Amino acid sequence: MKTISHRISGLSASGGGHTPVFNPATGAQTAQVASGGAAEVDAAVAAAARAFPGWAATTPARRAKVMFEMRRLLEARKDELARTISDEHGKTHTDALGEVARGQEVVEFACGIPHLLKGAFSAGVSTGMDCYDQRQPLGVVAGITPFNFPVMVPLWMIPMALACGNAFILKPSERDPSAPNLLHDLWREAGLPEGVLSVVHGGKAAVDAILDHKGIAAVSFVGSTPIAEYVYARGCAAGKRVQALGGAKNHLVVMPDADLDLAADALMGAGYGSAGERCMAVSVAVPVGEKTADALVARLKPRVAALKIGPAGDAAAEMGPLVTAAHRDRVAGAIESGVAEGAELVVDGRGLKLQGYEKGYWLGGTLLDHVTPRMTVYREEIFGPVLSVVRAADYGQALQLINDHAFGNGTALFTRDGDAARDFAQNVQAGMVGINVPIPVPVGYHSFGGWKSSVFGSHGVYGPEGVHFYTKLKTVTARWPAGLRAGAQFHFTER
Ligand code: NAD
């Protein structure tokens, strides 16, 4: 049995036991991953603290060289990375390749770090006096990441933190730990010095050790809302800078004037791609008006029923299995509860079996119509291939529905009406908005982040917000008097 170990410089032996790792398509255990705790986090912090001064003193241009080389390696090894993701996550090969590409975008942005760290300079703020800003690294920082993007989400954090001059400790999901290890090895191959990046595997014990550790200055978290809230509270109580991104319930509004074929295509990809296990997946379709709703459901029904589901190696597969048997059963339970609360089950994906993959964690695409805001299936995140249709009488009701929901990650409006589109972009309560774009994940040179219960903390991840999160601002006011002698002053003077 393969053992997936920590990547901690100087760690000779680790305790804490192991957690099994499965292939979701076959249901077979393929490996076991080390489960670290306080001792492993201590070792990673010690290695990072040793490496930090040298890395922080490395010029931004030299740090950028590592980013350029990492970009090249990601391109050259993307197939291997994608296969490693799919083996433990279950997503299709093309979807995994897309994940690598989106992570690579952040590395590309970090290549420009000399420019991004450039501070403002004001000459002559007083006689013989200048003022300038510097952004300095925080020190040792950590990232805790979810199972659904084992490469992309770590790459939302690592390139930005490293380019800014920090040392980084990654605690990835215990469900798919092989890809984060491969990522670590690629960073080393790209020229990152020993100790600057570590990977500590494990669950709650490792997370708690990170949150409480005095040697860690900041924590980035991406995962479910209850854990995000917990990480934010405990990390802040320990005096750290914390950003914690949580769960979602993303609505896509379809206006009566929208191109319905385009909207149906968008809903298929955004609702069922990656088996709905994306924080930006669309899980609620909101057609405006009964005519729009009937026409949309008529288009979706045959397509959901005909979704091609298979293992990552099947080039025709549009989505794969869910990540674990327990999660598959939880999603099936959410469908059951929707039906019990009065939703109409238009397509039922439960009970799907695939020949040759009988023990895989399969669930077919599911479509629920006439879902209402009071239903649990609407209020809670399901994180599976289940699309709920909530019918709205008019645009105002659709907007209110989104604004009343506890989550506020992403949302989208499909329309041909510029007025409605502008009103939606201005007034919807969500962090990322798509206009005729179903999954509006910002490109690497913007920043990612939701609102409401989808985020705790005040910075988005990657892009300019990433630079701000991983640096502290220092402002220097300097005087070069050149013969000026003002004498002691005991009051502020006019400049
Ligand atoms: P999760 O919250 O179960 O796990 C996330 C991380 O927290 C993992 O590293 C895990 O080991 C750790 N963890 C789990 N339980 C813990 C506990 N009790 N105490 C301390 N640490 C714990 O999330 P997941 O199931 O891996 O990922 C899916 C969730 O992530 C979904 O809710 C999804 O919406 C969310 N997500 C959000 C974004 C975003 O950008 N907002 C992006 C991707 C995923």
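All figures in this text were calculated on a predicted structure; none of them were measured in a lab. The residues of the chain are indexed from 1 along the displayed sequence. FYI, side chains are in, hydrogens and waters are out, and symmetry mates aren't considered; it's all heavy atoms of this structure. For ligands, and for the atoms within them, numbers begin at 1 and follow the listed sequence.
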Pair [X] + [Y]: basic N to acidic O under 4.0 Å:
X      : Y      : answer
Glu75  : Lys78  : yes
Glu189 : Arg77  : yes
Arg7   : Asp185 : yes

Using the rule given for side chain to side chain donor-acceptor pair (under 3.5 Å), can you reason through Lys204 versus Tyr230, listing the C-alpha separation, both sets of side-chain angles and the distance that settles it, and then say yes or no? CA-CA 11 Å; Lys204 182 170 169 51; Tyr230 166 77; 2.9 Å; yes
Step by step, work out the side chain to side chain donor-acceptor pair (under 3.5 Å) result for His6 and Asn181. CA-CA 8 Å; His6 307 291; Asn181 269 12; over 6 Å; no
Pick, from [options], the option with the minimum heavy-atom distance to [atom].
atom                    : options                        : value
atom 13 (N) of ligand 1 : Val441, Ile227, Val461, Val222 : Ile227
atom 20 (C) of ligand 1 : Ile144, Thr225, Val207, Leu170 : Val207
atom 41 (N) of ligand 1 : Gly246, Cys279, Ser454, Gly202 : Gly246
atom 9 (O) of ligand 1  : Thr145, Thr19, Val231          : Thr145
atom 10 (C) of ligand 1 : Glu381, Glu174, His201, Lys204 : Glu174

At less than 4.0 angstrom from any non-hydrogen atom of [X], what atoms of ligand 1 do you find?
X      : value
Lys171 : 8 (C), 9 (O), 10 (C), 11 (O)
Asn148 : 43 (C), 44 (C)
Trp156 : 40 (O)

Protein contact to [atom] [nearest heavy atom, distance to 0.1 Å]:
atom                    : answer
atom 7 (O) of ligand 1  : Phe221 CE1, 3.4 Å
atom 40 (O) of ligand 1 : Phe448 CE2, 3.0 Å
atom 26 (O) of ligand 1 : Phe147 N, 3.0 Å

Within the structure, does Leu245 bring an N/O atom to less than 3.5 angstrom of an N/O atom in ligand 1? no
Please say whether Phe383 places an N or O atom under 3.5 Å from an N or O atom belonging to ligand 1. no
Quick one: does atom 4 (O) of ligand 1 have a protein heavy atom under 4.0 Å from it? no
Any side-chain donor paired with an acceptor under 3.5 Å for Glu88 and Thr30? no
Please check if any side-chain donor atom of Tyr378 sits under 3.5 Å from a side-chain acceptor atom of His251, or the reverse. yes
Answer yes or no: are there more than 12 heavy-atom neighbours, outside Lys452 itself, under 6.0 Å from its atom NZ? yes
Out of curiosity, is Gly450 lining ligand 1, as in a heavy atom under 4.0 Å away? no
Dump the intermediate steps for salt bridge (charged side-chain N to carboxylate O under 4.0 Å, His left out) on Lys249 and Glu381, then the final yes or no. CA-CA 6 Å; Lys249 195 82 181 177; Glu381 181 180 49; over 6 Å; no
